[in-house]
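All remarks here apply to the structure that follows.
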Protein chains: 2
Amino acid sequence: MVPGADLVERVLARVREHGGRATPARRVLLTVLLEGPAHRSAEELAAAVQAGAPDVYLSTVYRHLEELERLGVVDRVRGSHGPATYHLALSAHGHLVCEECGSVTEVPGEVFGGLAAAARDGYGFVVSPRHYAVSGRCAGCQP
Amino acid sequence: MVPGADLVERVLARVREHGGRATPARRVLLTVLLEGPAHRSAEELAAAVQAGAPDVYLSTVYRHLEELERLGVVDRVRGSHGPATYHLALSAHGHLVCEECGSVTEVPGEVFGGLAAAARDGYGFVVSPRHYAVSGRCAGCQP
DNA sequence: TTCGATGCAAATAGTTTGCATTCTA
DNA sequence: TAGAATGCAAACTATTTGCATCGAA
């Protein structure tokens with residue numbers, strides 16, 4: 001049994017609930033998201049999809065990623081340069097995006113807890129639980 | 001005396017120190033940055049510049065903004081959609097970017113203090129003091 | 001058998017680059 | 001007067017859109 005196959009089906013069920021349809025292209029993209037590394041760009045994901053399904057177009061991947069983001073299945077992280085990257089939203093966590101090398105470090109959601117509370121209490125601003133992202137320099141890129 | 005004119009000259013002095021030159025286009029852009037609202041896109045800034053100096057091109061504005069960012073004079077904030085916005089880096093502060101309406105709420109740097117400490121201690125990641133930016137929904141855009 | 005999804009092409013937004021000319025230091 | 005900055009055009013990257021056709025429900 002392919003690991004995560006049930007997750008793919010669960011997500012597709014959710015897509016159907018929202019009036020969407022379970023198509024081969026979607027199944028492949030979800031499998032790719034599950035199996036490969038996190039934080040890949042739409043283009044990288046499309047390349048991986050195309051390895052198994054050559055005629056799935058980049059625009060289809062964008063369309064699907066956009067929907068999955070709406071459904072809360074994937075997160076989109078936009079660093080200060082370059083394309084946005086996508087990954088499965090398996091748990092609430094934040095991102096430390098290195099402005100030097102572009103690497104993304106995931107940190108548990110609690111690290112952002114104090115900030116989220118202060119933003120809510122002080123400004124009525126509700127921090128999105130899946131879109132934390134702050135810039136800086138990672139351990140390997142200190143001057 | 002124009003308020004902030006001395007700041008313009010101080011920045012230009014800094015530009016010269018780094019081998020740059022004080023040109024009219026730069027003077028105008030700095031004045032525009034000082035006088036108008038914060039968090040404008042390159043295009044909006046170019047429009048404001050062109051009101052006074054019609055033949056300053058958008059590409060020149062981009063080039064200058066990039067240099068000012070290197071010098072730490074302006075910050076660049078990239079929301080989840082749309083163009084990056086720029087503003088003077090007058091004090092350490094963070095940004096709450098609304099993913100619904102695109103508005104940017106500034107919050108004092110201390111709000112990010114706990115997060116910055118946790119990132120440094122736990123991951124060796126030094127959060128950039130001027131590039132805090134987290135997404136969510138502002139007070140006016142709650143569902 | 002209807003309506004959403006796809007293939008494909010083309011358009012768009014934002015930003016960067018190349019190069020001859022102009023101007024600051 | 002040397003080298004940086006600019007005007008301008010054009011390239012480029014990331015993303016979105018339009019539309020006829022196809023396929024899932």
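Letters go in sequence order (proteins before strands), and every chain restarts at 1.
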Can you find a side chain N or O atom of B:R16 that sits less than 4.0 Å from OP1 or OP2 on C:dA25? yes
Taking only the side-chain heavy atoms of B:L58 (C-beta and beyond), determine which of C:dA5, C:dT15, D:dT15 contains the nearest atom. C:dT15
Nearest-nucleotide pick for A:R76, side chain only, options being D:dT15, C:dG7, D:dC8: D:dT15
Figure out the NE2/C1' separation between B:H64 and C:dT24, and round it to whole Å. 14 Å
Does A:S59 reach a base, just sugar-phosphate, or nothing at all? Heavy atoms under 4.0 Å. base
With the side chain of B:T60 defined as its heavy atoms from C-beta on, choose the nearest nucleotide among D:dA24, D:dT6, C:dG14. D:dT6
Which nucleotide in D:dC8, C:dT6, D:dT6 has an atom nearest any side-chain atom of B:Y57: D:dC8
Output the rounded distance in Å from CZ (B:R27) to C1' (C:dA25). 13 Å
Do A:R63 and C:dG4 have a side chain to base donor-acceptor pair shorter than 3.5 Å? no
Roughly, in whole Å, what's the span from CZ in B:R78 to C1' in D:dT13? 10 Å
Ranking C:dT16, C:dT24, D:dT6 by distance to the side chain of B:P24, first place goes to C:dT24
Partners meeting salt bridge (Lys or Arg N to Asp or Glu O under 4.0 Å) with B:R78 (sequence neighbours left out): none
Are the side chain of A:E44 and the backbone of A:S41 linked by a donor-acceptor contact shorter than 3.5 Å? yes
Here the distance between atom P of D:dA14 and atom NE2 of B:H81, to the nearest Å, is 16 Å
Do the charged groups of B:R26 and B:E67 touch, with an N to O distance under 4.0 Å? yes
Using whole Å, what does the distance between atom P of nucleotide C:dT24 and atom CD of B:E9 come to? 14 Å
Of the listed nucleotides (D:dA2, D:dT6, D:dT15), which one gets closest to any side-chain atom of B:R21? D:dA2
Distance, rounded to the nearest Å, where A:R70 contributes CZ and C:dG4 contributes C1': 12 Å
Just how far, in rounded Å, is P of C:dG4 from CD of A:E17? 17 Å
To the nearest angstrom, the OH-P distance between A:Y62 and D:dT16 comes to 7 Å
Counting only side-chain heavy atoms from C-beta out, which of D:dG23, D:dT15, D:dA14 sits nearest to A:E43? D:dA14
Aromatic ring pairing A:H95/A:H39, orientation class (parallel under 30°, perpendicular over 60°, tilted between): perpendicular
Both B:P83 and A:R26 contact DNA chain C. Which one's nearest nucleotide lies toward the 5' end? A:R26
Main-chain N/O of A:S80 paired to B:R76 side chain as donor or acceptor, under 3.5 Å: yes
